[in-house]
Number of protein chains: 2
Amino acid sequence: MNSTSTSDSVLDEHTAAHVAELFRAFSDTSRVRILFALTTQEMNVNTLAGLVGISESAVSHHLRSLRQMELVVARREGKEVFYRIEDEHIISLFEEGVKHVQHG
Amino acid sequence: MNSTSTSDSVLDEHTAAHVAELFRAFSDTSRVRILFALTTQEMNVNTLAGLVGISESAVSHHLRSLRQMELVVARREGKEVFYRIEDEHIISLFEEGVKHVQHG
DNA sequence: TCAATATATGAACATATATTCAGGTGTTAT
DNA sequence: ATAACACCTGAATATATGTTCATATATTGA
C-alpha cells in the first residue's frame with residue numbers, strides 16, 4: 001500500500017469550483033481595496049468609492065457580488081448603507097494574502 | 001486625533017493589484033485542482049492532466065502562469081517535468097481557502 | 001538519425017468580468 | 001408632494017481569461 005493514494009490528491013470538481021469562487025472574490029484590484037478598507041472598519045458606499053477611486057455604481061456592483069457570497073453584510077442607517085465583513089476567518093484569509101505580498 | 005484615520009483604510013493600488021494577482025491564481029477550478037494535487041506531492045504534467053481531467057496543454061498553460069508567479073517550481077527528470085509548491089506560506093494560504101469551503 | 005514520448009507554446013475562439021451609463025428604488029427633510 | 005441624497009440595477013461594452021488545436025522543443029532509446 002502507498003501512503004499517498006492518487007485519490008487523496010484529487011479535489012472534487014464541485015468543491016474546487018467553490019474554492020475558486022471564494023478566491024475569485026479577492027482577485028480584482030478594486031475589490032481588494034474595498035475589502036481591505038472593510039477589514040479596518042464598517043463603511044458606507046460613498047466612502048468606499050472615495051477611498052478606492054471608482055464610481056459608487058462600480059462599488060455597488062462589487063458589493064452585490066460580495067453580499068451574494070456572504071463575504072460582506074449590509075446594514076442600512078437612514079439613507080446610507082454600511083458594509084462590513086462578518087466572518088473573522090475570511091478576514092484572516094484575506095489578510096494572509098496581503099501579508100504575503102507585503103512580504104513575506 | 002482619531003484612532004483610525006482614513007489613510008489606514010486604503011491599500012495602495014500597486015499592492016492591491018499584486019494581492020489580486022495572487023488570489024487570481026487560485027480563482028479557477030482547474031487551477032485549484034492542480035494546486036490541491038501539488039499540496040500533497042510533486043507531480044508531472046501528464047499525471048496532473050489525468051487527475052484534473054483536462055488536456056496536458058491546458059495543464060501546461062496553467063503551470064506556466066503559476067511558474068511565472070513563482071507559486072510552483074519545475075524540476076525536469078528525463079522527459080518528464082515535475083512540479084511542486086515550494087512556499088509553505090502559499091500552501092497554507094491555499095489550504096485555508098479549501099478548509100473554509102469544506103466548512104467552517 | 002529516426003521514432004516515440006513528454007511538455008511547451010502561439011493563435012484563435014468562446015466565455016467571463018469590470019466598468020460606465022442611464023435610469024430606478026428607498027429614505028429624509030421641507 | 002417634491003426635492004435631494006444615497007444606493008441599486010440592467011444593459012452595453014471593452015477587456016481578460018481558459019481551453020483547444022496545431023505545431024514546436026526537448027529527451028530518450030533503437
Side-chain angles (χ1 to χ4, degrees), chain A residues 6 11 13-14 16-38 42-84, chain B residues 6 11 13-14 16-38 42-84:
Chain A
T6 63
L11 190 63
E13 186 157 4
H14 183 254
H18 277 81
V19 173
E21 189 188 17
L22 171 62
F23 284 124
R24 199 178 304 121
F26 305 156
S27 74
D28 173 79
T29 302
S30 296
R31 251 178 345 256
V32 165
R33 298 182 86 196
I34 288 171
L35 287 165
F36 183 85
L38 294 180
E42 190 184 56
M43 277 185 197
N44 67 15
V45 177
N46 178 66
T47 305
L48 285 168
L51 289 180
V52 176
I54 60 177
S55 70
E56 293 185 16
S57 173
V59 170
S60 196
H61 278 295
H62 285 303
L63 289 171
R64 170 164 55 167
S65 64
L66 294 172
R67 234 186 305 128
Q68 284 169 343
M69 296 186 61
E70 298 181 35
L71 296 179
V72 300
V73 177
R75 177 181 69 84
R76 181 176 273 277
E77 189 178 318
K79 295 179 202 169
E80 301 167 65
V81 178
F82 289 87
Y83 285 87
R84 69 178 184 283
Chain B
T6 64
L11 191 64
E13 185 157 4
H14 183 254
H18 277 82
V19 173
E21 188 187 19
L22 171 60
F23 284 123
R24 198 178 304 121
F26 304 157
S27 74
D28 172 79
T29 303
S30 296
R31 253 179 342 259
V32 165
R33 299 182 86 196
I34 288 170
L35 288 164
F36 183 84
L38 294 180
E42 191 183 55
M43 277 184 198
N44 67 15
V45 177
N46 177 66
T47 305
L48 285 168
L51 289 181
V52 175
I54 60 177
S55 71
E56 294 183 14
S57 174
V59 170
S60 195
H61 279 293
H62 285 303
L63 289 171
R64 170 165 54 168
S65 63
L66 293 172
R67 231 187 308 128
Q68 283 169 344
M69 296 185 62
E70 298 181 35
L71 296 179
V72 300
V73 177
R75 177 181 68 83
R76 181 176 274 277
E77 188 178 318
K79 296 178 200 171
E80 301 166 64
V81 178
F82 289 87
Y83 284 87
R84 69 178 184 282

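To find a chain, count down the sequence lines: A is the first, B the second, and so on, and within it residues start at 1. Just so it is clear, the structure is predicted and the values come from calculations on it, not from any experiment.
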### Message
Just the rounded figure in Å: distance from P of dT27(C) to CD of Glu77(A).
### Response
13 Å

#### Entry: His61(B) NE2 - dC21(D) P separation (whole Å)
12 Å

### Task
Round to the nearest Å and state the distance from Leu66(B) atom CG to dT17(D) atom C1'.
14 Å

### Query
Do the side-chain N or O atoms of Ser55(A) get closer than 4.0 angstrom to the phosphate oxygens (OP1, OP2) of dT20(C)?
yes

### Query
Would you find more than 12 non-hydrogen atoms of other residues, nucleotides or ligands less than 6.0 Å from Glu21(A) atom CD?
yes

### Distance (rounded to the nearest 0.5 Å) between Leu22(A) CG and Ser27(A) OG
10.5 Å

### Task
Specify the residue among Arg24(A) and Ala58(A) whose closest nucleotide of DNA chain C lies further upstream toward the 5′ end.
Arg24(A)

Between the protein and nucleotides 6-8 of chain C, which nitrogen or oxygen pairs come in under 3.5 angstrom?
from, atom 1, to, atom 2, distance (Å)
dT7(C), OP1, Val45(B), N, 3.3
dT7(C), OP1, Val81(B), N, 3.4
dT7(C), OP2, Asn46(B), N, 3.0
dA8(C), OP1, Tyr83(B), OH, 2.5
dA8(C), OP2, Ser60(B), OG, 2.9
dA8(C), O5', Ser60(B), OG, 3.4

### Task
Assess whether side-chain contact (heavy atoms from CB on, under 4.5 Å) is satisfied between Leu48(A) and Ile54(A), documenting all intermediate values.
CA-CA 9 Å; Leu48(A) 285 168; Ile54(A) 60 177; over 6 Å; no

#### Entry: Length of the CG-P vector between Asp28(A) and dA16(D), whole Å
12 Å

### Query
With a 3.5 Å cut-off and no angle check, do the side chains of Tyr83(B) and Arg67(B) form a donor-acceptor pair?
yes

### Task
Mind calculating the distance between CZ (Arg33(A)) and C1' (dT19(C)) to the nearest angstrom?
15 Å

### Query
So how far is it from Phe36(A) CZ to Leu51(A) CG, rounded to the nearest 0.5 Å?
11.0 Å

### Query
What is the distance from CD1 of Ile54(A) to P of dC8(D), rounded to the nearest Å?
13 Å

#### Entry: Whole-Å gap separating P (dA16(C)) and CZ (Arg31(B))
15 Å

### Task
Measure the distance from NE2 on His62(A) to P on dC8(D) and round it to the nearest whole Å.
13 Å

### Non-hydrogen side-chain atoms of Leu66(A) and Leu35(A) separated by less than 4.5 Å
yes

